[in-house]
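Take a look at the structure below.
Note that ligands are numbered from 1 as they come in the structure, with each ligand's atoms numbered from 1 the same way.
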Amino acid sequence: MEKETGLNLLISREEIDNIVMSLAVRIEKDYHDKNPLVICILKGSFVFTSDLVRHLGINLEVEFIRTSSYGLGTQSCGQVKLVSDTVTDIRDRHVIIIEDIIDTGITTSFVFDYLKGRNPASLRICSLLSKPSRRKVNITIDYPGLDIPDKFVVGYGLDCAEKYRNLPEIYFIEEEETCQQD
Ligand code: 5GP
Ligand code: MG
């Protein structure tokens with residue numbers, strides 16, 4: 001895919017692989033006898049989830065949830081909506097939420113509270129990226145990948161107006177006002 005100007009490499013393919021593998025080692029150790037239910041938050045986490053589960057040599061199941069924030073722009077406007085739910089019953093299951101990025105924390109915190117209300121045996125959060133300087137709600141990331149500065153990033157599942165999800169590396173974008181989030 002042709003790279004456009006305005007995209008600056010932030011995390012290489014090799015660095016991503018190392019982060020994903022180290023997260024997988026930790027998760028594998030904690031969940032080897034638990035048959036966890038791994039819940040991918042669509043759309044952004046689909047690439048990360050598919051890489052992560054292939055490094056997990058344990059029994060597990062995969063589910064999907066889709067959320068959206070109301071409004072436009074590159075920031076979560078604070079109102080999260082569940083667009084599509086899991087099919088599997090999560091009651092008494094060991095659930096791991098898989099996030100691409102935690103920014104203000106509003107989306108993940110909404111998903112966490114929603115799933116908690118369905119009585120899983122345990123509920124933890126794994127996030128590839130985090131922007132701690134932008135946090136608005138407190139959130140514990142049980143399996144954190146990498147902290148990044150306050151920059152808008154694309155690639156490896158993350159989009160700018162639905163573009164760039166297929167880039168293998170992660171870039172920060174200079175003109176983030178051109179991105180519209182659902
Ligand atoms: P939060 O609710 O934590 O503020 O934001 C969560 C969602 O906003 C993420 O799941 C992601 O969809 C989007 N988001 C936040 N920061 C970025 C970013 O730097 N790049 C992209 N592509 N999406 C982001
Ligand atoms: Mg997301």
Side-chain angles (χ1 to χ4, degrees), residues 1 3-13 15-16 19-20 23 38-52 62-86 95-117 123-182:
M1 182 176 167
K3 305 281 168 3
E4 291 167 40
T5 49
L7 291 189
N8 303 280
L9 185 67
L10 185 67
I11 315 172
S12 70
R13 186 61 243 187
E15 285 175 274
I16 296 172
I19 297 166
V20 174
L23 290 169
V38 167
I39 303 187
C40 168
I41 315 297
L42 293 171
K43 295 179 189 177
S45 307
F46 82 105
V47 178
F48 173 42
T49 304
S50 74
D51 275 351
L52 183 71
V62 182
E63 261 290 359
F64 300 90
I65 269 188
R66 187 161 169 202
T67 56
S68 78
S69 310
Y70 289 102
L72 300 173
T74 52
Q75 299 183 17
S76 181
C77 68
Q79 271 189 300
V80 188
K81 189 172 70 159
L82 197 69
V83 178
S84 132
D85 203 345
T86 63
V95 174
I96 313 169
I97 298 169
I98 310 294
E99 270 288 16
D100 47 0
I101 187 162
I102 300 180
D103 186 30
T104 63
I106 291 169
T107 306
T108 315
S109 144
F110 169 86
V111 170
F112 186 93
D113 292 346
Y114 172 72
L115 294 175
K116 191 86 192 163
L123 185 58
R124 286 185 180 169
I125 298 168
C126 171
S127 185
L128 178 67
L129 303 174
S130 170
K131 294 185 206 170
S133 66
R134 303 242 325 145
R135 208 71 92 239
K136 285 192 183 144
V137 296
N138 253 335
I139 216 160
T140 303
I141 310 176
D142 305 281
Y143 303 99
L146 185 71
D147 284 352
I148 61 166
D150 181 8
K151 288 180 185 299
F152 195 80
V153 292
V154 296
Y156 199 70
L158 289 150
D159 75 310
C160 167
E162 294 304 322
K163 208 171 158 187
Y164 304 129
R165 291 195 197 274
N166 55 325
L167 292 176
E169 308 84 15
I170 294 171
Y171 297 80
F172 69 86
I173 198 160
E174 272 155 19
E175 310 228 350
E176 67 172 78
E177 59 276 9
T178 60
C179 307
Q180 288 192 338
Q181 197 177 289
D182 58 2

Within a distance under 4.0 Å of any heavy atom of [X], pick out the atoms of ligand 1 and give their elements.
{"X": "I106", "value": "2 (O), 3 (O)"}
{"X": "D159", "value": "21 (C), 22 (N)"}
{"X": "K151", "value": "19 (O)"}

Check this for me - ligand 1, G105, N or O atoms closer than 3.5 angstrom, yes or no?
yes
Using a 3.5 Å cut-off on N or O atoms only, is L158 in polar contact with ligand 1?
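In this structure, L158 places no N or O atom under 3.5 Å from an N or O of ligand 1.
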Heavy atom under 4.0 Å from ligand 1: found in V80's side chain, backbone, both, or neither?
neither
Taking 4.0 Å as the limit for heavy-atom contacts, which would you say applies to K131 with ligand 1: side chain only, backbone only, both, or neither?
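Just the side chain.
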Would you indicate whether the side-chain heavy atoms of [Y] and [X] approach each other to under 4.5 Å?
{"X": "Y156", "Y": "V20", "value": "yes"}
{"X": "N8", "Y": "K151", "value": "no"}
{"X": "L23", "Y": "C126", "value": "yes"}
{"X": "D85", "Y": "I65", "value": "yes"}
{"X": "I39", "Y": "V111", "value": "no"}

Heavy atoms only: which of [options] is nearest to [atom]?
{"atom": "atom 14 (N) of ligand 1", "options": "V153, I101, I41", "value": "I101"}
{"atom": "atom 24 (C) of ligand 1", "options": "F172, F152, F110", "value": "F152"}
{"atom": "atom 10 (O) of ligand 1", "options": "I170, T104, I148, D100", "value": "D100"}

Between CG of L115 and CD1 of I125, what distance do you get to the nearest 0.5 Å?
9.5 Å
When L128, I41, V153 are each screened for side-chain contact (heavy atoms from CB on, under 4.5 Å) with I101, the one that passes is V153
Strictly below 4.0 Å, N to O, side chains only: are D147 and R135 in salt-bridge contact?
no
Are K136 and ligand 1 in contact, using a heavy-atom cut-off of under 4.0 Å?
no
